Amino acid sequence: MLAYTIRRILQSLLVLLVVGLVAFSMFRFVGDPIDNLLGQERTDADIERLREVLGLNDPFIVQYGNYLIGAFQGNLGISYRQGRPVAEILLERAPATLELAFVSGIIAVVLGIALGVYTAIRRDGILANVIMSASLIGVSLPTFLIGILLIYFFSVYLDLLPSFGRGQVVRIGGWSTGFLTSSGLKALILPSITLALFQMTLIMRLVRAEMLEVLRQDYIRFARARGLNERAVNFRHALKNTLVPVVTIIGMQFGSIIAFAIITETVFQWPGLGLLFINAIQFVDIPVMAAYLMMISVMFVFINLIVDMLYFAIDPRLRVDRSGAH
Amino acid sequence: MYRSHTAMALALGLMTVGAPFAQAEFFRWAGTTDPQTMDPHAVNSAPVLGFLNNVYEGLVRRDQNMVIEPALATAWEVIGDGEGWRFTLREGVKFHDGSDFTAEDVLFSYQRASNEASDTRSWFAPVSEVKVVDDYTVDILTAAPNPIFPDSIANWMMMDSGWAEANDTTLPDKETGNYATLNANGTGAFKVTAREPGLRTVLEPHADWWGEVEHNITQAEFTPIENPATAVAALLSGDVDMIDPVPIQDAARLGSNAAVNVIQGIEARVIMLGFPHQAEALKYAANAGDPNPFKDVRVRQAVGHAVNVPAILQTIMRNNAEPASQLVSAAMRGFSEPNNKRPDYDPEKAKALLTEAGYPDGFSFGFKCTNDRYLNDEAVCQAITGMLAQVGIMAELDAMPVRNYWPELREDNFDMYLLGWSPGTFDAEHPIRFLAATPNEAKKLGSWNFGGYSNARVDELLPQIQSEIDEASRQGMIDEVTQILAEERAYVPLYIQPLVWGTQANIEVTQRPDNFFILRWVTVN
């Protein structure tokens with residue numbers, strides 16, 4: 001187990017370094033930050049001077065090397081756009097994204113599992129068929145369109161919910177939370193539904209398929225034969241055994257909720273990391289882009305690691321196979 | 001334009017004396033770009049200077065018609081035969097932190113804004129020295145007579161020397177930022193009470209402001225909203241009181257909604273086509289490597305006649321823009337009235353000119369264009385591509401984000417390109433200096449003249465225009481340059497970009513052609 005963990009951590013570090021390398025080799029295609037930093041009346045000399053100061057004339061390998069040296073010393077650089085340390089900006093923006101991802105994750109998991117179980121048990125019911133058809137919308141409509149539709153219906157037409165932003169936030173230490181004010185909670189509703197919709201339909205369809213699979217198994221038949229009630233059969237025996245792949249997917253999906261909150265955050269002007277990243281691309285704010293990409297890859301690698309470990313813990317067969325190999 | 005009616009607002013206020021009178025007038029507005037710094041000398045860009053015009057003030061400022069009027073200086077006059085300008089400062093002006101504004105602050109602000117670390121340094125290129133005569137008189141000496149100097153410093157904002165020293169921000173630092181990046185202490189009508197970069201900036205009225213208060217705002221909050229559809233939804237749902245800009249395609253729909261007002265005007269920005277004047281060969285498309293046809297004035301004239309500007313304005317700009325005849329709009333100082341005529345749309349004439357130039361069958365070339373810089377820029381370029389095809393010249397359109405665009409143009413990677421120009425000084429001299437003068441790094445001339453257009457007479461007239469005090473002979477020289485540029489078709493001016501704002505029906509605002517949003521002209525009814 002220990003050897004396995006260490007090997008995985010080393011592999012993860014390698015992945016990180018490669019991600020950084022690819023990111024830095026692509027930055028020069030994103031554009032040139034110089035024109036955003038200098039005004040209309042700049043001269044070629046000004047451009048050259050600033051390029052030199054920012055190290056943009058160096059080959060990307062050198063830029064990457066300098067970045068890594070800084071990063072290992074805990075210095076993620078200074079944002080070109082805001083003129084503030086990148087680490088400070090990331091910490092300031094993280095709560096918004098994490099709270100949004102958390103609420104979306106809960107919505108996706110709870111509703112996804114509940115609807116998945118329901119549609120599996122009542123596979124021929126009218127409501128189940130309606131839900132299945134509706135779920136096609138969730139997987140096929142692009143997020144920005146769903147977001148805009150929700151805004152027009154709930155904000156513009158019904159005037160019930162705010163159209164953008166996080167509402168009033170409360171600062172607790174370094175964390176700004178929208179959970180403690182009514183405007184903050186109201187502001188969470190539309191973006192979290194928008195963000196959750198895809199994951200929710202994914203989980204629902206997965207749970208349904210797994211449930212249908214499991215419900216055909218012999219032990220379910222035997223459980224029924226033993227005279228257990230439907231509830232016990234469906235939830236204690238069937239659902240429990242569908243959860244292993246579902247947990248994996250949920251783990252992976254939580255990562256992508258954070259990573260792909262970009263579009264939802266842009267549509268709702270949600271002041272999180274995704275919006276920060278989009279702005280950074282428009283401005284060619286290389287330090288922010290680099291830090292964001294590294295952070296997201298650290299997160300994915302970390303979640304992968306945890307999921308692998310969970311497998312180890314959940315699935316006894318894995319352990320048996322491993323110890324047998326020694 | 002849409003001026004607030006102070007008297008009416010006052011009367012309405014008096015009618016509701018009592019509890020509602022004390023009610024806070026909270027004003028929220030949204031724009032696409034967050035000002036990247038609160039430092040008025042660090043970045044010379046419209047979002048920063050426009051926003052900070054509410055917080056900081058210069059010696060002079062512009063009124064709603066862009067005319068210079070007194071601000072922190074009450075009067076100014078030429079010294080001698082044009083050795084410089086003497087400014088008489090306003091007395092009793094207080095900064096937001098309570099300290100007094102004096103001549104020392106002007107000297108300090110000059111040193112700060114003209115330092116190499118400042119993006120505003122080029123404004124002070126003509127200045128040789130700034131002298132404090134007494135507490136309320138300052139002499140700004142120029143190397144040569146400079147008739148438009150007061151016009152050129154409307155955005156030069158005054159910072160308190162004591163505040164800057166106490167907070168260790170005597171020089172701007174845009175690379176790593178300092179105290180003034182996030183905090184502000186001006187003399188303006190509003191002070192910054194909260195600043196969260198990229199999220200929101202809160203302003204409140206400056207109680208000791210020297211001017212007469214015309215607005216009725218007690219607190220204002222600016223939020224950047226990048227997505228245009230979200231901004232429109234925010235306006236329609238009442239979450240914000242004003243948005244800038246309204247997407248052109250939504251303007252008509254919003255205009256028919258009684259709950260909101262759409263306010264339209266003309267910006268200072270002229271959109272034009274530029275050509276390679278020096279390149280020997282074409283660089284793109286089927287004819288790459290062939291001699292550069294755009295060196296022939298007849299080909300450039302043909303382009304001018306082939307582009308149907310009225311059609312572009314009607315379909316793509318939905319009648320919100322105006323055609324442009326020269327590099328500045330009619331609202332700018334030095335606009336050349338005798339040259340107020342743009343090439344007619346005449347495809348037959350264009351074909352005849354091309355035949356005459358030796359291209360009866362046309363040619364192919366590469367056309368560079370932005371897709372996120374100007375209003376509907378890519379659509380305009382597509383339309384132009386189609387119009388040019390009708391006279392036989394085939395443009396291969398390459399539209400890209402502006403962050404990739406300028407490096408391409410600097411590398412001369414174009415056969416024709418789209419450019420928008422907004423003169424920072426609101427004077428016709430500005431585009432001549434940047435777009436028409438022969439590029440010269442040492443003299444800082446022609447730095448945006450990507451095509452390398454060069455005309456000896458234009459180069460000769462430019463310094464004279466810059467130093468001519470007499471209004472009539474100065475205009476005469478500008479007219480001559482404008483005529484040369486039109487005859488040689490150095491550029492094809494297309495149209496002047498429109499300005500479209502949206503507000504709630506109870507809001508009165510004033511729009512200025514530089515697209516600066518001036519909060520002290522806002523009335524919440």
Side-chain angles (χ1 to χ4, degrees), chain A residues 28-47 49-50 53-54 77-85 89 92-93 96 144 147-148 151-152 154-166 169 176 266-269 271 275-276 278-279 281-284, chain B residues 30 34 36-37 39 42-46 48-49 116 119-123 125 173-178 181-182 196-200 223-227 229-240 372 400-407 410 421-424 430 434 439 441 444 447-448:
Chain A
R28 67 205 160 96
F29 298 111
V30 175
D32 194 336
I34 294 292
D35 291 287
N36 288 315
L37 292 169
L38 294 172
Q40 195 181 30
E41 305 188 10
R42 89 284 179 283
T43 62
D44 287 353
D46 297 334
I47 294 174
R49 185 184 64 86
L50 194 56
V53 169
L54 297 177
I78 307 274
S79 159
Y80 293 169
R81 179 168 171 76
Q82 298 193 12
R84 291 195 299 151
I89 299 173
E92 190 180 283
R93 294 297 192 96
F144 67 87
I148 289 288
I151 292 176
Y152 270 82
F154 288 100
S155 308
V156 177
Y157 184 68
L158 294 179
D159 202 10
L160 282 176
L161 298 168
S163 55
F164 75 95
R166 261 188 107 186
V169 292
S176 67
T266 313
V267 170
F268 288 94
Q269 190 64 29
L275 190 63
L276 179 74
I278 283 286
N279 289 345
I281 292 177
Q282 279 162 356
F283 203 83
V284 201
Chain B
D34 192 48
Q36 65 197 79
T37 174
D39 190 326
V43 177
N44 177 8
S45 80
V48 172
L49 297 177
E116 201 183 49
D119 210 16
T120 54
R121 176 171 50 130
S122 62
W123 297 342
D173 186 343
K174 73 173 161 197
E175 277 99 35
T176 58
N178 60 29
T181 310
L182 291 172
E196 295 173 45
L199 305 184
R200 63 186 200 122
T223 313
I225 300 183
E226 285 88 10
N227 188 327
T230 308
V232 170
L235 180 71
L236 286 174
S237 62
D239 290 337
V240 294
D372 62 352
M400 62 182 74
V402 69
R403 54 182 184 268
N404 300 106
Y405 191 64
W406 302 132
R410 274 201 297 273
W421 193 258
S422 182
H430 194 269
F434 287 97
E441 180 70 27
K444 298 184 176 175
S447 55
W448 290 77

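In the text below, chain A, chain B and the rest are named by the order of the sequence lines, each starting its count at 1. On a predicted model such as this, the values are computed, not experimentally measured, just so you know.
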Is there a side-chain contact between [X] and [Y], using heavy atoms and a 4.5 Å cut-off?
X      : Y      : value
A/Q82  : A/N279 : no
A/R42  : A/I47  : yes
B/R403 : B/D372 : yes

Please look at [X] and chain B and tell me whether the side chain, the backbone, both or neither of the residue comes under 4.5 angstrom of a heavy atom of that chain.
X      : value
A/I278 : neither
A/L38  : both
A/F144 : neither
A/D44  : both
A/L158 : neither
A/D159 : side chain

Of the backbone (N, CA, C, O) and the side chain (C-beta and beyond), which part of [X] lies under 4.5 Å from a heavy atom of chain A, both, or neither?
X      : answer
B/E441 : side chain
B/R121 : side chain
B/P197 : both
B/T223 : side chain
B/S45  : neither
B/T37  : neither

So, for [X] and [Y], which heavy atoms are closest and what is the spacing to 0.1 Å?
X      : Y      : value
B/S237 : B/A234 : OG-O, 3.3 Å
A/F283 : A/L37  : CE2-CD2, 4.0 Å
B/A229 : A/I148 : CB-CD1, 3.5 Å

| task | Take A/D35 and B/R410 through the side chain to side chain contact (heavy atoms under 4.5 Å, CB included) test and state the conclusion after the steps. | result | CA-CA 11 Å; A/D35 291 287; B/R410 274 201 297 273; 2.9 Å; yes
Top contributor to chain A contacts, counting heavy-atom pairs under 4.5 Å, from [options]:
options                        : value
B/A233, B/S422, B/G238, B/P224 : B/A233
B/L182, B/D34, B/I225, B/L236  : B/I225
B/R200, B/E226, B/K444         : B/E226

| query | When you measure from the side chain of B/D239 to the backbone N and O of A/S163, does any donor-acceptor pair fall under 3.5 Å? | reply |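 Here the side-chain-to-backbone pair exists.
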| Are the side chain of B/T230 and the backbone N or O of A/V267 linked by a donor-acceptor pair below 3.5 Å? |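 Looks like yes, one N/O pair under 3.5 Å.
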| query | Roughly how far apart are A/R93 CZ and A/L275 CG, rounded to 0.5 Å? | reply |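 Going from the CZ atom of A/R93 to the CG atom of A/L275 covers 6.0 Å.
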| When A/V284, A/L50, A/L276, A/V30 are compared by non-hydrogen pairs under 4.5 Å with chain B, the top option |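 Among A/V284, A/L50, A/L276, A/V30, the one with the most close pairs to chain B is A/V30.
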| query | If you count heavy-atom pairs under 4.5 Å between each of A/G147, A/P271, A/P33 and chain B, which one has the most? | reply |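 Ranked by heavy-atom pairs under 4.5 Å with chain B, first place is A/P271.
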| task | From the options A/F268, A/F164, A/Y157, select the one residue that forms a side chain to side chain contact (heavy atoms under 4.5 Å, CB included) with A/I151. | result |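 So the option named by the test is A/F268.
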